[in-house]
Amino acid sequence: MLLAASLSFAQNNVLTVAPPDKVSAKAGTTVSAKLVAQLRPGYHCNSDKPSDEYLIPLKLSWTPAPLEVAEVVYPKPQMEKYSFSDKPLSVYTGDFDIVTKFKVPASAPPGPAVLTAKLRYQACTDRMCLPPKTVDVSLPITVVK
Amino acid sequence: MGMTLIRPLLFIGLACATTFTGVKVFQKKEGVRPEHDRKLAPDFSLKDATGKTVKLSDYRGKVVLLNFWATWCGPCKIEIPWFIEFQQQYKDRDFAVLGVSLDDDGWTSVKPYVEQKKINYRVMIGTEELSTLYGGVESLPTTFMIDRGGRIATMHEGLVSKGEYQTEIQDLLDGKALQNAGLAAGRLAFVRPE
């Protein structure tokens, strides 16, 4: 039995990722790509290193190849106190950047390619939480020799 | 009817309403639905932490506080101690709290939490089907108050005050919710000035 429609409103994703700029990647070097994440006003998401072991961290996971991930650099979090928490929480709000450093293998085939990633986050307001969600990301690259 | 008669009538009406229900007539109470508006709470059958089956329909005749929560939900953890208190306070009065966790990893996260917090009410691991049956539970906490007839009397999305829950529990146990709902539906007559 389904309840009234008022109970089933869709939250959708409260975090979106702006389409990233195309990256030119020279074989045998390293290259960085920036993702701009945007959280809906009123929401916060846990940082990559949350304050409590029960909290679900922000995590960016790239599909391997054709580039190798050297490092994912998350922004410095804010420590915010909410009414439902005894201690400040390590969170992100608003717009924030995540930078990924890639190694471009010398053997990487030249030409266009698309790197894909999943950004997992868990967001709350000051009185309710949404379940963890995943945003798909596509990064267009061109490998040059 | 002149204005000279209206004020006393209004005063008497308000006084009667307040005495009758203990609730101010003009206090907007979004919570408790009029009896005729209450839908049957979808039945379910799930296992609790001890492996025993919990069927909602087995609680017919009791007032049930059905709480959807998760270990990663900060606001949920504010409410859980209140629910522990309610379970103890009203246990001899045909009342029960039932907790449904929406943790993806199920008992792996939930069992240690239940033990650590000494949760004294039955907790189950929810399913997507159950969430859908209850209107698509997305925000946590989401809490339903189910009356003795197995119908949903109130629903709350997000953190709510302890006092609000306590009032609803008391009203449903005492049967006052029906009276409040009737008044909220506008049984009081207001006389317009000429």
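Keep in mind that what you see is a predicted model, and the values were worked out from it rather than measured. Order of the sequence lines sets the chain letters (A, B, ...), proteins ahead of strands, with each chain counted from 1.
Against chain B, the residues from residues 53-63 of chain A that qualify, each with a non-hydrogen atom under 4.5 angstrom away, are A/Tyr54, A/Leu55, A/Ile56 in number order. Chain B is approached within less than 4.5 Å, heavy atom to heavy atom, by no residue from residues 16-36 of chain A.
Every residue two or more places apart in sequence or in another chain that forms a side-chain hydrogen bond (donor to acceptor under 3.5 Å, both in side chains) with B/Thr50 is listed here: B/Asp48.
Between B/Gly74 and A/Cys129 the shortest heavy-atom distance is N-SG, 4.0 Å. Of all heavy-atom pairs spanning B/Ile78 and A/Ser83, the tightest one is CD1-O, 4.3 Å.
Other residues, nucleotides and ligands contribute more than 12 heavy atoms inside 6.0 Å of the NZ atom of A/Lys81. Counted within 6.0 Å of CD on B/Glu129, heavy atoms from surrounding residues, nucleotides or ligands total 12 or fewer; the atom is thus considered open. Other residues, nucleotides and ligands contribute over 12 non-hydrogen atoms within 6.0 Å of the NZ atom of A/Lys145. Annotation: A/Asp86, atom CG; neighbour count of heavy atoms from other residues, nucleotides and ligands within 6.0 Å does not exceed 12.
The pair A/Lys133-B/Glu138 counts as a salt bridge, with a side-chain nitrogen and a carboxylate oxygen less than 4.0 angstrom apart.
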One pair to check against side chain to side chain contact (heavy atoms under 4.5 Å, CB included): B/Leu159 and A/Met128. What are the steps and the verdict?
CA-CA 6 Å; B/Leu159 186 58; A/Met128 66 85 168; over 6 Å; no

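Side-chain contact between A/Pro131 and B/Trp72 is present, with at least one heavy-atom pair separated by less than 4.5 Å. Using a 4.5 Å heavy-atom cutoff, the side chains of B/Cys73 and A/Cys124 are not in contact.
Neither the backbone nor the side chain of B/Asp43 comes within contact range of chain A, judged by heavy atoms closer than 4.5 Å. B/Leu102 does not touch chain A: none of its heavy atoms, backbone or side chain, sits under 4.5 Å away.
The side chain to side chain donor-acceptor pair (under 3.5 Å) pairs that include a residue from residues 77-86 of chain B are B/Glu79-B/Tyr165, B/Glu85-B/Lys162, where partners are two or more places apart or lie in different chains.
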